[in-house]
Amino acid sequence: MDEKKTQSIADNVFSALENQILSGTLPKGAFITELKTCEQFGVSRTPVREALMRLRQEGLVEESGKGALVIGITEADIDDIYEVRIRIEGLAAARCASRISDEELKKLSETVELQEFYAARGAADSLRNLDSEFHRQIFSYCGSRTMETLLLELHRKVKLVRRVSVEDPTRAKAAVGEHRAILDALAAHDAARAEALTAEHIRNAKKNIEKTKGNA
């Protein structure tokens, strides 16, 4: 097998395992072994070893006697990620407010309108996808590839706790209202207000996550 094909397989295995960890399919405390992973994906040990090495580098697993022990995203990680999001995502919203076009505003407005539609019907799956789309659009429209790449990565790493938050009907409706307020600030090209509302939106999401953990 040539090197490029091996790399491609390793990338696929890594992405699949990472997604399983971040989505909770592979929970904290689970073990990943080379043999079972080879059987699961129908591949040789070489790409599996490379994928597991990358998971260790990401801090998602650690070595143990039984295989790779899943660590996942810890509570400390979540605290750090939300702290960074408050600052960087607020900045992205401010940048977005200063440069967003009428066409981009129209697309963002359509996303919020769909959110309001599904929030009224308690459609959690649709809301979860649209919540991600709303943020993704702002990252794309802010004009900074650096911030867009960083924020998409941070969202991906906390998608399990974000899913729990969006599936809370009370929080889901509140979040949609907050998105509407952010949209209004962007439409007014009010950078300071867009930044403040976005930071508050993320703080509220974090508070809801903490409340959910407290009730677990």
Side-chain angles (χ1 to χ4, degrees), residues 19 22-24 73 78-79 81-213:
N19 184 63
L22 295 177
S23 67
I73 301 297
I78 292 170
D79 286 341
I81 288 170
Y82 272 82
E83 193 66 30
V84 172
R85 279 188 61 197
I86 287 168
R87 287 161 170 74
I88 305 300
E89 208 159 324
L91 177 58
R95 290 267 195 98
C96 186
S98 67
R99 70 183 307 278
I100 192 167
S101 69
D102 289 344
E103 182 61 28
E104 290 167 344
L105 276 170
K106 181 182 176 182
K107 291 178 181 177
L108 198 59
S109 180
E110 288 170 353
T111 299
V112 173
E113 287 170 4
L114 281 172
Q115 285 184 292
E116 290 167 340
F117 175 84
Y118 286 115
R121 288 155 181 77
D125 287 343
S126 296
L127 275 175
R128 182 167 62 249
N129 293 334
L130 288 165
D131 179 83
S132 295
E133 176 64 10
F134 175 83
H135 290 280
R136 186 199 65 75
Q137 286 173 303
I138 291 177
F139 304 159
S140 175
Y141 302 156
C142 80
S144 168
R145 289 191 299 174
T146 300
M147 282 195 286
E148 181 180 8
T149 300
L150 172 62
L151 289 168
L152 286 173
E153 174 71 7
L154 293 178
H155 270 237
R156 190 172 57 81
K157 286 192 171 181
V158 292
K159 66 181 177 180
L160 179 60
V161 293
R162 289 185 67 239
R163 184 183 74 192
V164 171
S165 183
V166 172
E167 288 175 353
D168 177 342
T170 301
R171 175 57 200 158
K173 288 183 179 180
V176 173
E178 291 163 11
H179 285 182
R180 169 61 71 180
I182 293 167
L183 172 63
D184 290 344
L186 294 174
H189 301 287
D190 188 335
R193 183 162 176 75
E195 181 171 7
L197 287 171
T198 298
E200 185 63 20
H201 171 62
I202 299 166
R203 288 190 192 97
N204 289 339
K206 186 172 185 293
K207 288 176 185 175
N208 187 70
I209 291 167
E210 291 168 348
K211 181 185 73 175
T212 302
K213 287 190 297 186

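What you see is a predicted model; the values in this text were computed from it and never measured.
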**Student:** Dump the intermediate steps for side chain to side chain contact (heavy atoms under 4.5 Å, CB included) on D79 and K206, then the final yes or no.
**Tutor:** CA-CA 8 Å; D79 286 341; K206 186 172 185 293; 3.3 Å; yes
**Student:** Students often mix this up, so state it plainly: with edges at 30° and 60°, are the rings of H155 and H135 parallel, tilted or perpendicular?
**Tutor:** tilted
**Student:** What distance do D184 atom CG and L197 atom CG have between them, rounded to the nearest 0.5 Å?
**Tutor:** 9.0 Å
**Student:** Should the pair E178-R171 be classified as a salt bridge under the 4.0 Å nitrogen-to-oxygen rule?
**Tutor:** yes
**Student:** Is the closest basic N to carboxylate O distance between E133 and R136 below 4.0 Å?
**Tutor:** yes
**Student:** Please find the pair of heavy atoms, one from M147 and one from C142, that lie closest to each other, and give the distance.
**Tutor:** CE-SG, 4.2 Å
**Student:** Using side-chain heavy atoms (C-beta onward) and a distance below 4.5 Å, is L151 in contact with V84?
**Tutor:** no
**Student:** Search all heavy atoms of A97 against all heavy atoms of A194 and return the closest pair with its distance.
**Tutor:** CB-CB, 4.1 Å
**Student:** For a 4.5 angstrom cut-off between non-hydrogen side-chain atoms, does H201 reach H179?
**Tutor:** yes
**Student:** Atom OG of S132 and atom CG of L127: how far apart are they, to the nearest 0.5 Å?
**Tutor:** 11.0 Å
**Student:** Hey, is the main chain of L105 close enough, under 3.5 Å, to the side chain of S109 for a donor-acceptor pair?
**Tutor:** no
**Student:** I need the T111 OG1 to N129 CG distance, nearest 0.5 Å.
**Tutor:** 11.5 Å
**Student:** Run the numbers on R128 and D125 for salt bridge (Lys or Arg N to Asp or Glu O under 4.0 Å), then give the verdict.
**Tutor:** CA-CA 5 Å; R128 182 167 62 249; D125 287 343; 2.8 Å; yes
**Student:** With a 4.0 Å cut-off on N to O distance, would you call E200 and R203 a salt bridge?
**Tutor:** yes
**Student:** Cation over ring, R121 on Y118, under 6.0 Å and within 45°?
**Tutor:** no
**Student:** Roughly how far, to the nearest 0.5 Å, is NZ of K207 from OH of Y82?
**Tutor:** 14.0 Å
**Student:** If you look at every heavy atom in S144 and R95, which pair is closest and at what distance?
**Tutor:** CB-NH1, 3.7 Å
**Student:** State, to 0.1 Å, how close K157 and I81 come at their nearest heavy-atom pair, and which atoms those are.
**Tutor:** CB-CD1, 4.1 Å
**Student:** Between atom OG of S98 and atom CG of D190, what is the distance when rounded to the nearest 0.5 Å?
**Tutor:** 11.5 Å
**Student:** Going from OG1 on T198 to CD1 on I182, what distance comes out if it is rounded to the nearest 0.5 angstrom?
**Tutor:** 4.0 Å
**Student:** Tell me the closest heavy-atom pair linking A119 and V176, and the distance in Å.
**Tutor:** CB-CG2, 4.1 Å
**Student:** Is there a side-chain contact between L22 and R156 (heavy atoms, below 4.5 Å)?
**Tutor:** yes
**Student:** Minimum heavy-atom separation for A93 to L186, with atom names?
**Tutor:** O-CD2, 3.5 Å
